[in-house]
Amino acid sequence: MALRLHDTRRREKVVFSTIEPGKVKMYVCGVTVYDFCHLGHARCYIAFDLIHRWLEYSGYDVLYIQNFTDIDDKIIKRSNESGIDWKKIVDDNIEAYYEDMDLLNILRADEYPRCTEYVEEMISITESLIDKEHAYVAKDGVYFSIASAPEKYGMLTGQNIDGVLGGAGGRVSESGKRDHKDFALWKSAKPGEPTWPSPWGDGRPGWHIECTAMSMDHLGEQFDIHGGGQDLLFPHHEAEIFQGECHTGCKPVVNHWLHNGFVNMDGEKMSKSLGNFWTIRDICEKIDPLVLRFALINAHYRSPIDMNEQLLHDAGRNHSRILTVYKQALENQCENPLPLPKGDVASGVPLIKSLGLMEKMAEALAKAMDDDFNSREAVAKVLGGVREIGKLLDSDLEVKDKSSFANFAVEWMEEYAGLVLGILPSRDEIMTEKVDPKRDEIRSEVEDLLKQRTEARANKDWPAADAIRDKLVALGVTVVDTADGPVWEL
RNA sequence: GCACGGAUGACAGAGCGGCUAUGUGCGGGACUGCAGAUCCUGAUACCCGAGUUCAAAUCUCGGUCCGUGCUCCA
């Protein structure tokens with residue numbers, strides 16, 4: 001079964017092909033590190049994490065590069081406003097980035113190059129573009145000349161070169177651009193800004209050139225996948241096509257372009273000006289980061305997601321269902337499992353039928369992921385498997401069969417919900433009680449009440465038992481009666 | 001204006017020519033003294049119009065409505 005993906009440039013699903021057999025070279029545009037990451041970043045890097053995981057799961061050797069943009073207008077502005085050195089802002093936010101991504105169970109890329117480490121490379125690409133007459137030196141920097149390669153215009157967005165609004169959104173250009181569509185490769189120094197020396201005087205690189213320099217350095221002149229948010233399509237990625245292809249002569253530099261959809265907030269575009277802006281760390285204080293991850297993979301990566309309370313609530317329910325059943329499976333495991341029979345969907349024997357169904361779910365999951373990384377469909381299959389597992393563990397199967405099945409179920413879940421989707425916490429995390437200082441504070445009181453309640457229940461004094469439950473609820477304690485006695489949690 | 005993408009049950013969200021998506025929510029039921037969890041089960045769909053087809057959420061054409069980009073943005 002071949003992996004197919006939606007290629008932005010070709011505007012259709014195409015069979016995935018790699019330049020080198022068995023190897024995938026992938027570059028995803030990283031963040032500009034001037035602030036904490038928000039939900040939009042979470043969605044993007046979770047989407048590409050899923051792609052990363054699936055490619056590796058499929059047997060590819062993946063080289064995944066993601067950059068940090070560590071110099072730009074916003075960083076400079078932030079520094080000027082706060083009086084904090086721009087380098088410190090950048091370092092702090094990179095550290096925060098890693099923390100956030102770890103929370104969301106995002107596997108690390110192989111390298112995280114910073115653009116300021118590639119100034120030399122960017123200068124040399126710019127020189128090459130000038131030599132090839134694709135770029136020109138102006139009074140305030142070096143610009144790429146769109147007119148030098150008009151056939152490359154609109155490769156990703158399909159825009160017509162003449163159709164683009166003149167004057168770039170109404171802004172009066174004071175720059176030395178020959179054409180408003182041209183974009184900067186090098187910006188001459190302005191007072192109070194960090195600068196680097198160049199053949200065109202001190203200054204700093206333009207934004208688009210950095211990704212060309214870094215991807216080329218790590219992945220070569222041609223590579224397999226380039227990803228990013230849909231907002232980068234224009235002008236950033238189109239600029240990369242201009243630069244990369246004109247500089248290297250490769251057509252194309254990027255084999256497959258992938259773009260993820262936006263996150264909206266209650267139907268509106270998420271943006272700082274609207275104030276409807278959630279950072280990853282804000283939201284993770286309120287909910288389990290894996291629930292957020294679940295919510296974000298519970299839609300196809302190219303569709304927009306409307307973030308709201310309801311969505312998180314649903315994600316929480318689904319997620320806890322998966323965890324509950326996983327936990328049950330863990331608890332039912334045994335040391336020396338019996339060999340399981342071969343599954344068969346048509347079988348009348350519950351164990352054999354369930355095993356057959358789970359095999360089918362796994363196949364369907366693989367098929368879904370192979371079809372442009374359809375994580376929503378994959379999630380549905382995991383939930384289907386969860387149902388089968390719950391059913392069997394709930395049934396009156398022989399203990400030994402059940403526990404042997406539990407071993408299989410644990411492996412099944414760890415493979416698909418864990419390895420592939422990344423929504424399963426570690427065994428330790430799930431089996432250990434959450435450490436909450438409040439728990440110890442009220443422990444003796446709660447245990448006392450529970451003892452009374454157990455007594456009342458033994459005497460079948462239900463009103464008294466319920467009254468005690470109410471008291472516990474007032475303390476914020478939930479009691480669940482199990483075969484081994486009451487269990488409580490905050 | 002130009003470009004790109006959508007419209008599926010109460011909600012979220014897959015499917016994209018014939019076959020139960022899935023989950024939440026709601027209605028029954030099993031198990032439970034109650035509660036919780038788990039399982040079984042029911043109801044509620046495919047924006048409108050025309051066409052193609054033995055067969056259309058699924059393909060074609062025409063509408064309507066809604067997003068997004070064209071400026072820094074994941």
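In what follows, every chain begins at residue 1, and chains take the letters A, B, ... in the order their sequences are listed.
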Looking at A:His6, A:His237, A:His236, which one forms a ring pair (Phe, Tyr, Trp, His ring centres under 6.0 Å) with A:Trp257?
A:His237
Return the value, rounded to whole Å, for the distance between atom NZ of A:Lys269 and atom C1' of B:rU71.
11 Å
Taken to the nearest whole Å, NE2/A:His208 to P/B:rU71 is 11 Å
Rounded to whole angstroms, how far apart are CE on A:Met270 and P on B:rU68?
13 Å
Rounded to whole Å, the CG-P distance (A:Asn264 to B:rG67) equals 10 Å
Looking across every strand, which nucleic acid part, if any, lies under 4.0 Å from A:Asn260 by heavy atom: base, sugar-phosphate, or nothing?
base
Is there a donor in the side chain of A:Asp401 and an acceptor in the side chain of A:Ser404, or the other way round, less than 3.5 Å apart?
no
Taking a pair to mean Watson-Crick or G-U wobble geometry with both distances below 3.5 Å, B:rG51 pairs with B:rC59
From CD of A:Gln230 across to P of B:rA74 the rounded distance in Å is 14 Å
Spacing of the C1' atoms in B:rG17 and B:rC54 (rounded, Å)
12 Å
Glycosidic conformation of B:rA57, syn or anti, with 90° from 0 as the boundary?
syn
If only side-chain N and O atoms count, and only distance matters, is there a donor-acceptor pair under 3.5 Å linking A:Trp86 with A:Asp70?
no
Expressed as a whole number of Å, how far does the P atom of B:rG1 sit from that of B:rC11?
31 Å
Have a look at A:Gly229 and say if it touches a base, only the backbone sugar-phosphate, or nothing, with a 4.0 Å heavy-atom cut-off.
sugar-phosphate
Categorize A:Gly154 for me: base, sugar-phosphate, or nothing, with a 4.0 angstrom heavy-atom threshold over every strand shown.
nothing
Distance check, P atoms only: B:rG27 and B:rG18, in whole angstrom units.
34 Å
Look at all strands and tell whether A:Tyr45 reaches a base, only sugar-phosphate, or nothing, counting heavy atoms closer than 4.0 Å.
sugar-phosphate
Working for side chain to side chain contact (heavy atoms under 4.5 Å, CB included), residues A:Tyr112 and A:Ile65
CA-CA 6 Å; A:Tyr112 289 91; A:Ile65 309 296; over 6 Å; no
Measure up the A:Phe408 and A:Phe405 rings against each other and bin them: parallel (under 30°), tilted (30 to 60°), perpendicular (over 60°).
tilted
Looking across every strand, which nucleic acid part, if any, lies under 4.0 Å from A:Val263 by heavy atom: base, sugar-phosphate, or nothing?
base
With respect to A:His208, which candidate in A:Tyr143, A:Phe144, A:Phe242, A:Phe183 satisfies the ring pair (Phe, Tyr, Trp, His ring centres under 6.0 Å) definition?
A:Phe183
Could you tell me whether A:His236 contacts a base, only the sugar-phosphate backbone, or nothing, with contacts defined as non-hydrogen atoms closer than 4.0 Å?
nothing
Please measure how far the C1' atom in B:rA56 lies from the corresponding atom in B:rU41, and state the result in whole Å.
30 Å
When A:Gly384 and A:Leu233 are each assigned the nearest nucleotide of RNA chain B, the 5'-most assignment goes to A:Gly384
A:Gln230 side chain near A:Asn260 side chain, heavy-atom distance below 4.5 Å
no
Between A:Gln333 and A:Ser403, a side-chain donor and acceptor under 3.5 Å:
no
Compute the centroid of each ring, for A:Tyr27 and then for A:His218, and state whether the two points are separated by less than 6.0 Å.
no
Polar contact flag, side-chain donor to acceptor under 3.5 angstrom, A:Thr8-A:His259
yes
Just checking, is any N or O donor in the side chain of A:Ser354 or A:Glu388 under 3.5 Å from an acceptor N or O on the other one?
yes
Considering only the P atoms, how many Å lie between B:rG6 and B:rU44, rounded to the nearest integer?
29 Å
Using a 4.0 Å heavy-atom cut-off, write out nucleotides 3-15 of chain B from 5' to 3' as B (base contacted by protein), S (sugar-phosphate only) or - (no contact).
SS------SBSSS
Could you say whether A:Ala380 or A:Gly228 is positioned toward the 5' end of RNA chain B, judged by the nucleotide with the nearest heavy atom to each?
A:Ala380
Across nucleotides 30-40 of chain B, 5' to 3', mark each nucleotide with B, S or - according to how protein heavy atoms within less than 4.0 Å reach it.
---BBBBSBSS
Pairwise C1' distance, B:rU58 and B:rC2 [rounded to whole Å]:
30 Å
Could you identify the nucleotide paired to B:rA74, looking across every strand shown and requiring Watson-Crick or G-U wobble geometry with both distances under 3.5 Å?
none
Taking atom P in both B:rG29 and B:rA12, what distance in whole Å separates the two?
30 Å
Between B:rG42 and B:rU22, how many Å separate the two P atoms, rounded to a whole number?
11 Å
Counting Watson-Crick and G-U wobble pairs only, both distances under 3.5 Å, name the nucleotide matched with B:rC4, or none.
B:rG67
Roughly, in whole Å, what's the span from CG in A:Leu232 to P in B:rC72?
12 Å
Taking any strand in view, what nucleotide pairs with B:rA30 in a Watson-Crick or G-U wobble way, both distances under 3.5 Å?
B:rU38
Give the rounded distance in Å between these two atoms: CE of A:Met265 and P of B:rA74.
16 Å
Quick one: look up who B:rU20 pairs with, Watson-Crick or G-U, both distances under 3.5 Å, and put none if it's unpaired.
none
In Watson-Crick or G-U wobble terms, both distances under 3.5 Å, what is the partner of B:rG9?
none
Do the ring centers of A:Phe48 and A:Tyr64 come within less than 6.0 Å of each other?
no
Rounded to whole Å, please give me the gap between NZ in A:Lys381 and P in B:rU22.
8 Å
